[in-house]
Amino acid sequence: MPVASRPLLPLWAAVATSVAGGLLLTTAFPALGWWPMAFPSVVLALVGLVGRRVWSSMLVGFAFGAAFFFVNLFFTARYLGPVPWIALSMLEALLTAAFAVPISLAYRWMPRVTRGAASLLLLLPALVAGLWTLREQIVGSWPYGGFPWGRIGVTQVSGPAAGLASWVGMSGLTFLVVLLCAMAIEFVRLGRFRVRLTAVPALIVAAVLFLVPAFPTTAAGVLRVGAVQGNGPAGYFDEREPNAVLEAQLAASEPLQGEKIDVMLWPEGGIDSDPTSNRATAFVLDRLAEGIDAPLIVAAATGRGDLFYNSSILWRAGEGAVQTYDKRHPVPFGEYVPDRSFWEKLSPDLIGLIGREYTPGTASPVFDLNGVGVGLAICFDVIYDDVIWDGAAGGAEVYMFQTNNADFRGTDENLQQLAFARMRAIETGRSVVNLSTVGTSQVITADGAAIDGLTEDVTGHMITDVPLRTGLTPAVVAGPWIKIVLGWGSLAALVLLGVTQAVRRRREDAGPRGDRRLRTRALGVRR
C-alpha cells in the first residue's frame, strides 16, 4: 500500500478524534456561533478517514455524525421527548457513516493512481471536499425531503467568508471550507514545508474564502414594513382558548394603528382558524387592514377540498386572500406523517398526535405587493435552496420569512434558523424580515446585519424601512449547477478513479505472472 494511503491513526484514535470533531462542530452553530471552530472540526473528521477500509470508515463516520447530531438536534426533544430526537439524530448519524465510505475510498485510491505531490495536494482535497458536499446534499434531500440543517456553509454566517455565499451558495461555501481543511491535512502529512510553491494553492483558497466580498446587488428603494410578534400560546401543547393566538397578534398590532406602513407582516401560526373559510376571522382581518390602511401578509392553516396547507396569504381589505403561497416543505413527522400506516405501528401514541396532514405546495414563493416582489418562505422552507432561489428568480426584491418557534422555546433552534435567514440574505443580496410568533425576530440587510429585532418571549412590533434590491447573484443563477458539479461531479470522479486504480492493479498483478509463464516456456524449449 502506498504510504500516502495508509491510515494516519489507529482505529481507536480515529474514533476519538471524530467524536471530538463532531462535538467541536456544534460550537460553530448558534447559540455559540464560533465560526472558526468549523475548520478544526472538519480536520478532525477527515484525519480519521485517511486510509480506512469500508467498515472502519463507517464506524469513524458514525462517531462524527452521532457526536454532532445528538447535540445539535437536542432541541427536537423539547416537547415530544427523546424518541423523535433519538430517531432523527440516529438517522443523520447513519447517513453520515454511509457517506464516510466514499471519502475514505478517495483517500485510498488517489495515491494508487497518481503519486505526484501536486495531485495529492490539490486533486485529492478537491475530491474529498466534493464528496463531503455531496453528503450534505443527499442528507438534505433524502429521505422524505431530507433535513439540510447542519450544513458547514451556514456556520460561516458571522465570519469573513459569509460574502462568498453570494457567489457560490451554501454548498459552494461548504466545499471551499472543507477544501482548505483537506489541503492543510495533505500539506502536513506529505511534509512539504520547505517547498514554498506547494503552499500556493492553499493560500489562494484561503484568500478566496476570507477576502472575496459579497456580490453587489442594486438598491431599489425601501418598503416600510410593520412586523408583529404576538408571543401568543402558539405551541403544539400550549393551553389556549379558541382564537387566543389571533387575539395576541391583534393586541400586539394595536400600536401600529395610525402609523404609515406599506404592509403588515404576521408570523406563521399567527391565526388559529382558516380566514378563507371562517367569516368571523375574515372580518377581523378586513377590519385590521382597513385600520392600518395597508395590506396584510398573514399565515394560517387553510383547507381546499380534502387537502390542508400551511399557507402564507396576502390579504386586502374587502378582497380577502388575493395571493396565496403554500409551504413547499412541510415537516415530516411534524406537519405530516409519511408512510403513516407503517410508522403508526411502531409508535402509535406519538404518530397519533399528528392529526392534520399538510400537503406540499406548488405555487411560486413570491407575492406581488403593489409592484414590489416579496419572496416567501415558511419556517422549515428557509433551509431549502430551491424555495429561496425560486423566489429571487421570480422577482423578489425583499424576503419575508414567517415562522413559529413556540415548540422550541428555551432552545437554540430559533437562533439556528435565524442563522439560515441571515445566510439567505447574503446569498441572494436581499433584505430579509424574519418574523417568529414568539421570537427571535429580526430585519436583516443584504450583508447579513440586523437593523431591527425582537428578542425571544416578548410581545412587540417593528416598523422598519426595509431596503429593496434587484439583480441576481451568481449563487442564485448558477446555484443548481454548482451543486451538480460539486456533488455528483465528485461522485463521477470517484467512480472513474476506482475504475482506473482497479485496471492498473490488474495490470500490475498480471505482469509478474506473465513473466513467470514466459520463463517456464523458455526453460521447456531449452530442455
Side-chain angles (χ1 to χ4, degrees), residues 65-66 68-70 72-99 135-151 154 170 234-237 268-269 299-303 306-312 325-363 365 376-388 390 401-408 411-414 416-417 420 437:
F68 172 66
F69 286 109
F70 271 90
N72 185 256
L73 301 181
F74 186 69
F75 61 81
T76 58
R78 175 66 174 83
Y79 278 100
L80 294 178
V83 174
W85 164 58
I86 293 172
L88 179 58
S89 301
M90 183 62 72
L91 172 62
E92 300 300 291
L94 290 173
L95 290 173
T96 302
F99 287 97
R135 178 174 69 186
E136 281 194 355
Q137 293 174 12
I138 293 178
V139 168
S141 59
W142 183 90
Y144 305 132
F147 189 66
W149 191 263
R151 301 170 71 173
V154 79
M170 269 194 273
Y236 204 84
F237 298 106
E268 177 194 31
T302 63
D306 295 330
L307 302 179
F308 292 94
Y309 300 88
N310 188 345
S311 304
S312 179
Y325 164 72
D326 303 315
K327 188 175 184 179
R328 281 194 188 177
H329 298 279
V331 182
F333 303 100
E335 293 177 311
Y336 78 104
V337 181
D339 300 321
R340 179 182 280 268
S341 60
F342 172 79
W343 295 108
E344 205 159 31
K345 295 175 183 176
L346 299 180
S347 184
D349 293 337
L350 282 174
I351 298 301
L353 291 173
I354 307 168
R356 180 179 289 168
E357 295 271 341
Y358 286 108
T359 300
T362 57
L376 305 159
I378 302 175
C379 197
F380 200 52
D381 273 344
V382 74
I383 63 178
Y384 288 91
D385 296 335
D386 65 301
V387 177
I388 308 303
D390 286 355
F401 298 158
Q402 298 162 288
T403 185
N404 177 14
N405 306 111
D407 285 325
F408 304 106
T411 74
D412 296 336
E413 184 273 343
N414 70 318
Q416 291 193 34
Q417 186 176 328
F420 270 96
T437 316

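Computed from a predicted structure; not experimentally measured. Basis for what follows: all heavy atoms, side chains included, without hydrogens, waters or symmetry-related copies.
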- [ ] Would you mind telling me which of Asn405, Thr437, Asn310, Asn404 makes a side-chain hydrogen bond (donor to acceptor under 3.5 Å, both in side chains) with Glu268?
- [x] Asn310

Any side-chain heavy atom of [X] within less than 4.5 Å of one from [Y]?
X	Y	value
Cys379	Gln417	yes
Val139	Glu92	yes
Phe420	Arg151	yes
Phe333	Pro338	yes
Phe70	Met90	yes
Asn72	Gln416	yes

Task: Pair Asp386-His329, side-chain contact (heavy atoms from CB on, under 4.5 Å): steps then yes or no - done: CA-CA 10 Å; Asp386 65 301; His329 298 279; 3.2 Å; yes

To the nearest 0.5 Å, what is the distance between [atom1] on [X] and [atom2] on [Y]?
X	Y	atom1	atom2	answer
Glu413	Thr76	CD	OG1	10.0 Å
Thr96	Phe69	OG1	CZ	4.5 Å
Ile383	Phe147	CD1	CZ	5.5 Å
Thr302	Leu307	OG1	CG	10.0 Å
Leu73	Thr411	CG	OG1	11.0 Å
Ile86	Leu91	CD1	CG	13.5 Å

Taking all atoms of both residues into account, what is the closest heavy-atom pair of [X] and [Y], and its distance?
X	Y	answer
Ala406	Gly235	CB-N, 3.4 Å
Gly269	Ala234	O-CB, 4.3 Å
Ala66	Ala93	N-CB, 3.5 Å

Open item on the list: Parallel, tilted or perpendicular: which one describes the rings of Trp149 and Phe75, with boundaries at 30° and 60°?
Closed with: tilted

TODO: Name the orientation class of the two ring planes belonging to Phe380 and Tyr384 (parallel below 30°, tilted from 30 to 60°, perpendicular beyond 60°).
DONE: perpendicular

Open item on the list: Less than 3.5 Å apart, any donor N or O on the side chain of Tyr144 or Asp339 sitting next to an acceptor on the other?
Closed with: yes

Open item on the list: Tell me if a side-chain donor or acceptor on Asp326 pairs with a main-chain N or O of Ser311 at a distance below 3.5 Å.
Closed with: no

Task: Test item: Glu357 side-chain N/O and Val337 main-chain N/O as donor-acceptor pair under 3.5 Å - done: yes

Task: Test salt bridge (charged side-chain N to carboxylate O under 4.0 Å, His left out) applied to Arg328 and Asp385, Asp390, Asp381, the passing residue - done: Asp390

Open item on the list: Looking at Glu335 and Lys327, is any side-chain nitrogen of the basic one under 4.0 Å from a carboxylate oxygen of the acidic one?
Closed with: yes

